[in-house]
Every structure is written in C-alpha cells, then in structure tokens.
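So you know, we letter chains A, B, ... as the sequences are listed, proteins then strands, and number each from 1. All figures in this text were calculated on a predicted structure; none of them were measured in a lab.
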2 protein chains.
Amino acid sequence: MSTSVDILKRSDLRKTPFRIRVLDYFILQPHAAVRNTDLEQNIGDFDRITLYRTLKTFEEKGIIHEVVDGSKDQKYALCHHDCKVHISDGDHAHFSCKLCGNTYCLDSVGELNIQLPSNYVLDKVQVMLSGTCDNCK
Amino acid sequence: MSTSVDILKRSDLRKTPFRIRVLDYFILQPHAAVRNTDLEQNIGDFDRITLYRTLKTFEEKGIIHEVVDGSKDQKYALCHHDCKVHISDGDHAHFSCKLCGNTYCLDSVGELNIQLPSNYVLDKVQVMLSGTCDNCK
DNA sequence: TTCCAGATGCAATGATGTTGCAAATATACT
DNA sequence: AGTATATTTGCAACATCATTGCATCTGGAA
C-alpha cells in the first residue's frame with residue numbers, strides 16, 4: 001500500500017500538508033467514493049478553493065478519478081495501481097447505497113451483453129447500481 | 001401520439017401557454033434527453049424559475065423523467081406511455097454521444113448479468129453508454 | 001540560506017437552483 | 001358571459017457550488 005507521500009512523489013507533486021491530508025482521507029476509504037463535501041467536513045481547516053484545485057490536480061495526475069453514481073454530488077475515488085478508469089471505464093461499476101449514501105467501486109460486475117442500435121459506436125460503459133450495502137443491511 | 005394538450009389534460013394540469021411550449025419541445029425530441037439549458041435557449045421568452053417548477057411538476061406527474069447520463073447537466077426525457085423509469089429503471093439505458101452531446105434513451109440493451117458482492121441488495125440498475133451516435137458517425 | 005516555480009488564500013464573479021410573495025390567469029360554477 | 005378561486009407565473013432575494021485573478025507563502029533544489 002502506497003502512502004500519501006509515495007503517491008505525491010510518484011506524481012511529481014510537492015508534498016504539502018494540505019495534499020497529504022486530502023490523500024490520507026482517500027486512503028482511509030479505499031473502496032468508497034468520496035464526496036467533495038465529505039472532504040470539506042473532515043480535513044479540518046482548509047480553503048475550499050484549494051480543495052477544488054487539489055482534486056483537479058490529483059485527477060490530472062491520475063491519482064483519483066471522478067465517480068459517476070447518478071447523484072448530483074461530485075465524487076472521487078482513489079485510483080488503484082491498475083486503475084484504468086480515467087482512460088476507459090471497461091466493466092467498472094459503482095454501487096450506491098440508498099441508506100448510507102456511500103458509493104463503492106466494484107471491480108467487476110460480470111459480463112455485460114450490450115446491444116446497440118446499428119451505426120452506434122460504443123466507447124465507454126458505466127454501470128450504476130443502487131440498493132442496500134453490506135453494512136446497512 | 002399524444003399532443004401537449006392531451007398530456008396536460010390526462011395529468012390534471014392546467015393548459016397554460018408556457019407548459020404547452022415546454023411539452024412541445026419535448027415531443028419534438030422523442031428519443032433524446034433534453035438539457036435544462038436547451039429549453040432555456042429554445043422556448044423563447046420565459047422565466048427561469050417557472051421552468052424549474054414546470055419541470056418539477058411534470059416529473060411529479062410522471063410526464064417526464066430525469067435522465068442520468070454521467071454529465072453534470074440536469075436532463076429530462078418524455079415518458080412514453082409504458083414508461084416505468086420513475087419507478088424502476090429496469091434495463092433502461094442511456095447513450096450519450098461524445099460529438100453532439102445528445103443523450104438518447106435506449107429501450108433495451110440486452111441482458112445484463114450483474115454479480116454483486118455478497119449481502120448487497122440490488123434495487124436499480126442504470127447503464128450509461130457513451131460513444132458516437134448514428135447521426136455523427 | 002537564498003531563490004523561485006508551484007501552491008495557497010482571499011476577493012470577486014458566474015452559474016445554478018430555491019423560497020416567499022404579489023400579480024395574473026385557467027377553470028369551474030352560476 | 002361573468003364571477004370566484006385555486007393554480008400558475010414573474011420578480012426579488014437568497015443559498016449553494018464552482019471558477020478566475022492576483023497577491024502571498026512555501027517546498028525543494030542550488
């Protein structure tokens with residue numbers, strides 16, 4: 001498991017206290033997507049604008065990726081070492097729990113048999129599941 | 001094919017000029033999701049707040065449903081007479097074209113074989129496809 | 001220690017969506 | 001048709017979320 005400092009070094013980013021705090025928060029939630037507002041409430045004293053820029057930088061460097069789960073909230077998740085989400089979602093899926101509101105990244109949901117109308121070119125598939133998660137059941 | 005007036009009458013809504021203009025715009029795009037801003041730009045003189053409220057009313061009455069296509073934009077599509085989207089998405093899928101930005105509702109995309117981690121309860125499946133549509137190819 | 005590109009904080013601005021209330025109007029009733 | 005009323009609309013104000021420009025600060029290398 002990489003530490004925040006490892007990740008920053010690998011990405012040619014300066015190891016500032018703020019970035020380390022943000023990354024640490026992500027590392028604590030390895031399978032859950034993180035809401036922008038979760039971060040705002042949990043990383044203590046900070047500047048909201050800096051958070052936006054930090055997340056944008058992390059996304060550009062491939063450290064995190066945006067998670068689309070059907071909600072209006074902007075969410076991000078830590079990319080794993082084999083993360084290809086920012087290139088193509090493949091069979092990546094997200095599960096959003098209706099009770100706790102958490103969104104989990106699922107590595108695979110099985111085979112999808114997509115049939116498109118003719119002349120449509122398929123490039124990316126995103127599957128959003130919702131229901132009740134293990135914890136809330 | 002129902003007219004705007006038919007739909008309003010069926011839904012116990014007053015037939016105001018504004019509502020008819022909005023519904024007419026939806027009827028012109030039977031398979032595409034409509035962005036909030038598309039409406040703002042295409043239905044002429046109007047009040048932004050009234051549009052929000054109109055769309056909300058239409059959604060509550062089951063005339064339109066919100067379309068989640070992965071973009072940040074709020075989009076709506078006309079419900080067909082057999083529309084169950086506001087109840088459960090079933091195998092409903094949306095295709096978003098990267099070139100023209102339009103989102104199309106696809107009635108079926110084939111069989112999905114979803115395998116969830118144990119103890120997860122699946123309630124709703126939303127599939128978002130993106131690529132190039134017939135027109136743009 | 002010094003230097004400077006990169007990172008941060010602040011102020012201002014823009015986009016988007018909501019609420020309260022008064023004026024306008026669609027519809028039902030006489 | 002005329003009237004009453006509940007609904008609908010438009011305006012003002014407000015709340016939230018995100019972005020940009022710029023001055024200041026700082027991590028990291030010389």
Hydrogens and angles aside, do A:Thr103 and A:Lys75 bring a side-chain donor and acceptor to less than 3.5 Å of each other? yes

Once you round it to whole Å, what is the distance between C1' of C:dT8 and CZ of A:Phe46? 13 Å

If you look at every strand shown and take non-hydrogen atoms under 4.0 Å, does B:Ile49 touch a base, only sugar-phosphate, or nothing? base

Please state how far atom NZ in A:Lys15 lies from atom P in D:dA29, giving the value in whole angstrom units. 7 Å

A:Arg48 CZ to C:dC10 P: how many Å, rounded? 12 Å

From CZ of B:Arg14 over to C1' of C:dA24, roughly how many Å is that when rounded to an integer? 11 Å

When you measure from the side-chain N and O atoms of B:Thr54 to the phosphate of D:dT8, is any distance below 4.0 Å, counting only OP1 and OP2? no

Gap between atoms CG and P, on B:Leu8 and D:dT8 respectively (whole Å): 10 Å

Check whether any side-chain N or O of A:Tyr52 sits under 4.0 Å from OP1 or OP2 of D:dT19, and answer yes or no. no

Sugar-phosphate only, base, or nothing, as touched by B:Thr50 at under 4.0 Å among non-hydrogen atoms: base

Are any of B:Arg19's side-chain N or O atoms less than 4.0 Å away from OP1 or OP2 of D:dT8? yes

Across the strands shown, which category fits A:Thr57 at heavy-atom distances under 4.0 angstrom: base, sugar-phosphate, nothing? nothing

Tell me: CG of B:Leu13 to P of D:dT8, nearest whole Å? 6 Å

Which class fits the ring pair B:Phe18 and B:Phe46: parallel under 30°, tilted 30 to 60°, perpendicular over 60°? parallel

Would you call the rings of A:Tyr120 and B:Tyr104 parallel, tilted or perpendicular, taking 30° and 60° as the class edges? perpendicular

Donor + acceptor pair across side chains of B:Ser4, B:Asp24 (<3.5 Å): yes

D:dC17 phosphate, OP1 or OP2: any side-chain N/O from A:Gln74 under 4.0 angstrom? no

Atom NZ of A:Lys56 and atom P of C:dA7: how far apart are they, to the nearest Å? 13 Å

Does the side chain of B:Thr57 pick up a donor-acceptor pair with the side chain of B:Arg19 at under 3.5 Å? no

Between P of D:dG10 and CG of B:Asp47, the distance in whole Å: 5 Å

If you look at every strand shown and take non-hydrogen atoms under 4.0 Å, does A:Arg53 touch a base, only sugar-phosphate, or nothing? base

